[in-house]
Amino acid sequence: MDAARREAVLAALGVERYVPRAARRAAPAPFATGALSWDELSAAVSGCTRCALCETRTQTVFGTGDRAARWFVVGEAPGADEDRAGEPFVGRAGQLLNAMLRAIGLARESVYIANVLKCRPPGNRDPRPDEAGECLGYLRRQLALVEPDVVLCVGRIAAHNLLGTDQALSRLRGRTHELAGLRAPVVVTYHPAYLLRTPADKRKAWEDLQFASEVARGARA
Ligand code: URA
């Protein structure tokens with residue numbers, strides 16, 4: 001049994017792996033999630049102690065929606081509401097995300113939604129690179145299991161971590177991006193929390209959503 005599978009099985013059994021505090025903050029070790037089933041992945045996430053965020057979370061926020069969805073929405077990290085509810089995008093930004101999806105004919109339940117980070121950074125600070133590095137394997141496995149037609153990545157931080165770039169969001173919009181090992185193209189748009197603060201950019205987000213719809217239609221053509 002490989003290490004990731006053993007960890008998932010132990011987590012599913014409720015057996016907590018002892019990780020010395022110092023080791024938790026060490027540089028990320030190679031992290032293999034490639035063979036995990038949905039159940040194993042979900043157990044690995046709920047028992048995860050790969051970074052110090054496990055000490056401050058109320059609970060992990062795995063992801064929600066249709067596991068055979070055509071659309072996969074990637075956000076940044078849980079906030080206070082999500083940390084309480086155990087579900088991504090349930091606060092004000094989540095309400096706007098739902099409205100954005102409805103505007104292109106998608107019910108929230110018909111897409112899959114997950115974040116780069118599965119645990120809330122205290123005070124909603126930006127994810128640290130080591131935290132994202134530890135957590136990205138979970139998202140990558142979710143993407144591989146869902147096999148969507150399009151990935152809609154919301155916000156600069158999610159895009160930077162998912163795509164491994166530091167380009168400005170304005171330069172990432174309006175085109176598709178490839179992710180190694182994933183058939184689905186990635187489309188980047190504004191984070192709904194940003195749009196709540198900057199409603200003037202909703203028009204550009206609408207253009208992005210229409211573009212992503214075209215990309216999704218193209219994948220089925
Ligand atoms: N912002 C995110 O990026 N994700 C959430 O789940 C909530 C707010």
Side-chain angles (χ1 to χ4, degrees), residues 41-42 45-46 48 51 53-54 56-67 69 71-104 106-143 146 148 150-169 172-173 177 179 186-199 201-202 204-205 208-209 212:
L41 188 63
S42 149
V45 167
S46 47
C48 186
C51 81
L53 295 181
C54 68
T56 49
R57 72 185 178 215
T58 304
Q59 59 190 313
T60 55
V61 178
F62 181 70
T64 191
D66 182 351
R67 290 178 173 183
W71 285 64
F72 194 126
V73 178
V74 174
E76 174 183 330
D81 293 322
E82 291 76 21
D83 176 68
R84 248 190 315 273
E87 182 172 331
F89 283 102
V90 293
R92 280 187 70 223
Q95 300 305 313
L96 180 54
L97 176 65
N98 295 348
M100 290 163 70
L101 292 172
R102 269 200 308 275
I104 45 165
L106 296 170
R108 175 181 170 95
E109 304 71 41
S110 73
V111 308
Y112 196 83
I113 307 174
N115 288 309
V116 170
L117 286 195
K118 307 306 189 210
C119 297
R120 180 191 183 208
N124 297 347
R125 65 161 168 74
D126 288 352
R128 295 193 179 126
D130 62 313
E131 294 160 352
E134 292 289 1
C135 218
L136 260 176
Y138 297 131
L139 177 63
R140 291 219 181 92
R141 185 62 186 148
Q142 289 174 305
L143 286 163
V146 172
V150 67
V151 177
L152 182 69
C153 188
V154 299
R156 175 181 59 89
I157 306 248
H160 285 180
N161 284 294
L162 183 68
L163 300 173
T165 179
D166 59 3
Q167 284 192 329
L169 190 105
L172 296 171
R173 295 178 52 242
H177 304 265
L179 265 188
V186 179
V187 172
V188 176
T189 190
Y190 295 101
H191 194 286
Y194 166 82
L195 293 172
L196 286 170
R197 295 190 301 271
T198 321
D201 278 343
K202 281 187 181 173
K204 290 197 237 163
D208 297 338
L209 290 171

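Just so you know, ligand 1 is whichever comes first in the structure, and atom 1 is the first atom listed for that ligand.
Protein heavy atom nearest atom 1 (N) of ligand 1, with residue, atom name and distance: H191 NE2, 3.2 Å. Scanning the protein heavy atoms around atom 5 (C) of ligand 1, the nearest turns out to be A77 O, 3.4 Å. Of the protein's non-hydrogen atoms, N115 OD1, 2.8 Å is the one closest to atom 4 (N) of ligand 1.
Side-chain contact of D83 with T58: a donor-acceptor pair under 3.5 Å is present, judged by distance alone. Between the side chains of Y194 and D201, at least one donor N or O sits under 3.5 Å from an acceptor N or O. No side-chain N or O of Q59 forms a donor-acceptor pair with one of K118 less than 3.5 Å apart. Between the side chains of N98 and R102, no donor-acceptor pair is found at a separation under 3.5 Å.
Which parts of ligand 1 touch G75 is read off a 4.0 Å heavy-atom cut-off, strictly below it: atoms 3 (O).
Side-chain N or O atoms of H177 include none that pairs as donor or acceptor with a backbone N or O of V187 at under 3.5 Å.
The proximity of E76 to ligand 1, defined as any non-hydrogen pair under 4.0 Å, involves the side chain as well as the backbone.
In this structure, A93 falls outside the shell of residues with a heavy atom less than 4.0 angstrom from ligand 1. Heavy-atom separations between E87 and ligand 1 are all 4.0 Å or longer.
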- Begin with the C-alpha distance, continue with both residues' side-chain angles, and end with the deciding distance and a verdict on side-chain contact (heavy atoms from CB on, under 4.5 Å) for L162 and V188. CA-CA 10 Å; L162 183 68; V188 176; over 6 Å; no

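The N/O atoms of F89, backbone and side chain alike, include one that comes under 3.5 Å of an N/O atom in ligand 1. For ligand 1, the polar-atom distance check finds no N/O of P88 at less than 3.5 Å from any of the ligand's N/O atoms.
With Y112 as reference, F72 is the one residue of F62, F72, F89 to meet the ring pair (Phe, Tyr, Trp, His ring centres under 6.0 Å) rule.
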